[in-house]
Trainee: 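If you scroll down you'll find the structure; I have some questions about it.
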Amino acid sequence: MPSRLNNEDIYNLIQQPVATDLIEKADVVIAGSGPVGMTYARTILEKTKATVLMIEVGSQDSPVIGEHHKNSIKYQKDIDAFVNVIKGALQTVSAPPADTYIPTLVGDGWTPPVSENGTSTLIFQGSNPNQIREKNLKASAVTRTVGGMSTHWTCACPTPHDQEIVNNPIPKDERDKLYEQARKLLNVHNDQYDKDSEGDDISIRHNVVKKTLLENLPGNRKIQSLPLAVERRKDNPTYVTWSGANTILGDPTRFDGRFRLRTETRFTKLVPDKNDPKKITSAKLRDLKNDRDIIAMAKAYVITCGAIGTPQVLANSNLATQIPALGRYLCEQSLSFCQIVMKNEIIDYIDKNPDWKARIEAHRLKHKGDPLPIPFSDPEPQVMIPYTSDFPWHCQIHRDAFSYGDVGPRADARVVVDLRFFGRQEIKKENRVYFAGEATARGEWVAGNTDIYGMPQATFEVERSQKDKTNDQKMMKDMCAVASLLGAYLPGSDPQFMEPGLALHITGTTRIGNNPQESVADPSSRVHGFKDLWVGGNGCIPDSTGSNPTLTSVMIALKGAAAVVELLNDSQK
Ligand SMILES: Cc1cc2nc3c(=O)[nH]c(=O)nc-3n(C[C@H](O)[C@H](O)[C@H](O)COP(=O)(O)OP(=O)(O)OC[C@H]3O[C@@H](n4cnc5c(N)ncnc54)[C@H](O)[C@@H]3O)c2cc1C
């Protein structure tokens, strides 16, 4: 067999009665090992006797499948160091070719030839000549590793406001129950920074930031602790355990070998039946380690490769023309950011508070000369101002690592607080991601230019409407008002909008709904018209939200997984 298989090779192979190492069989194949893929895996494995084969393009970087890297004590002691982990984990989706004119290159070094229109750009591997700069989500990125983005995420899991859930086709009663299950699966808590079992404050900084806002921010803002997928460690409460894909899956040994994970294997495409294009016969995979194609066969296929990777697999399977909503109705959040250094008044309040006196004295005894009344091990603040009708954005007032915002030697990290405000985007069909390539006369999809993993290159066409821009401006004003209650801007982290795409919260690209013209999958995330094909991830969210999306994606996936279970049970009858 050749190392690259076409559809004919695959049709021949799957009809072979003899066993071959080119075919992997399972009851369910899941593409992607992020929290959503794990939601499907766990539900199916617990509710049936089925076997699950999970395909992940990335490698397993932690001994525990898909664990959050921030559980390392190293990063809990030095959160700034985690910024580099995130930077390393993010691979951008669409970068226009760089301007490679080097005016100082005067010797005999190679330079790109000047084209007819007088420019000289170099198309390097991974760059996208089709990307229009003004319509790009430049900072949009994917994370290719076992566990997906849940190996580094911030874990914020607010439940969206009713105004953020208007298109979701799952009825409210059912949704509420599924949200409850999703919170359990992700181990969401909103009290891990407030008080311990003795009633003592766990974090001085958290309590003082929350109190300052509660007492001074006008309007009914519902200020509260940020719901996080985290639990304080019982054996050592100085540290916490952040939830990752492993939290959702649980111990895989309890499934007695029914769960298999193939790493560094690309899910290339779905292969439809020759006579029935709405039935999937198999999936073509690429074993990246051995550089060869293999085939997976199952009763159900679940694609959970993220909001870009999932429509990419569907497009590469030549389904883009059959599914008009694929990649469309894309929403991404605007993100405003600043960091402040807490006010003298707040530091004085900490110093004089009798509740914290003993801790501060103990700290000062050990670290003589420290002018700050905050123990080094004091946990960071984790406060939320939720989305409300009057202030339709989601606000995190906290301290955490992103790919930006490290404090470094600029200030004492204990007095720095981050403000991140997430704004919505109007839902428009025109806002989309599309994938380079075309169908041949034989009906096979041939990719045009490809990304560095050989999949069709994603190109964004996304613009913010005037309504979005006006809303963003109001959100910025609100962030500045909140910041001024807490302190002064840290130089270099003054109020700013971050690059489009940096929220990493793209939704809509495989949205669920009842109308096949306006959505990709039905309320159970089953692709319209197909019996055996499901999609999962933030792309399934049919709404525009300010709230972080993962909790909602897990909620939607729980319903999807129940439908897979039903299909498996029916096939037993
Ligand atoms: C810095 C940062 C902070 C964040 N903070 C929050 C937060 O506070 N709250 C929140 O809700 N969300 C947050 N997120 C986003 C959150 O991590 C994602 O919403 C969540 O991980 C999505 O889960 P998923 O399973 O759908 O996709 P992912 O986690 O993206 O996993 C998809 C997996 O599919 C794999 N894959 C892709 N294509 C293929 C292919 N062709 N074949 C095989 N495998 C493939 C990828 O390698 C990846 O492992 C944050 C993310 C980052 C990076």
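Bear in mind that the values here come from a model prediction, so they are computed numbers and not experimental data. Whatever order the structure lists ligands and atoms in, that order sets their numbers, starting from 1.
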Trainee: Report yes or no: is the cationic atom of Arg328 (NZ for Lys, CZ for Arg) closer than 6.0 Å to the six-membered ring centre of Tyr434, at no more than 45° off its axis?
Mentor: no
Trainee: Would Arg266 count as a cation-pi partner of Tyr453, with NZ or CZ less than 6.0 Å from the six-membered ring centre and within 45° of the ring normal?
Mentor: no
Trainee: Counting only heavy atoms not in Arg233, do more than 12 sit closer than 6.0 Å to its CZ atom?
Mentor: yes
Trainee: Just to verify, what does Asn167 make a side-chain contact (heavy atoms from CB on, under 4.5 Å) with, not counting sequence neighbours?
Mentor: Ile427, Arg511, Pro542, Asp543
Trainee: Is there a side chain to side chain contact (heavy atoms under 4.5 Å, CB included) between Thr247 and Leu186? Walk through the geometry before answering.
Mentor: CA-CA 7 Å; Thr247 314; Leu186 283 160; over 6 Å; no
Trainee: Give the residues near ligand 1 by chain and number, with the criterion being a heavy-atom distance under 4.0 Å.
Mentor: Gly32, Ser33, Gly34, Pro35, Val36, Ile55, Glu56, Val57, Ile86, Leu90, Thr143, Arg144, Thr145, Gly148, Met149, Ser150, His152, Trp153, Thr154, Cys155, Ala156, Thr265, Arg266, Phe267, Thr304, Cys305, Gly306, Val313, Leu504, His505, Gly537, Asn538, Asn548, Pro549, Thr550
Trainee: May I ask you to say whether Arg286 pairs ionically with Asp291, meaning some side-chain N is under 4.0 Å from a carboxylate O?
Mentor: yes
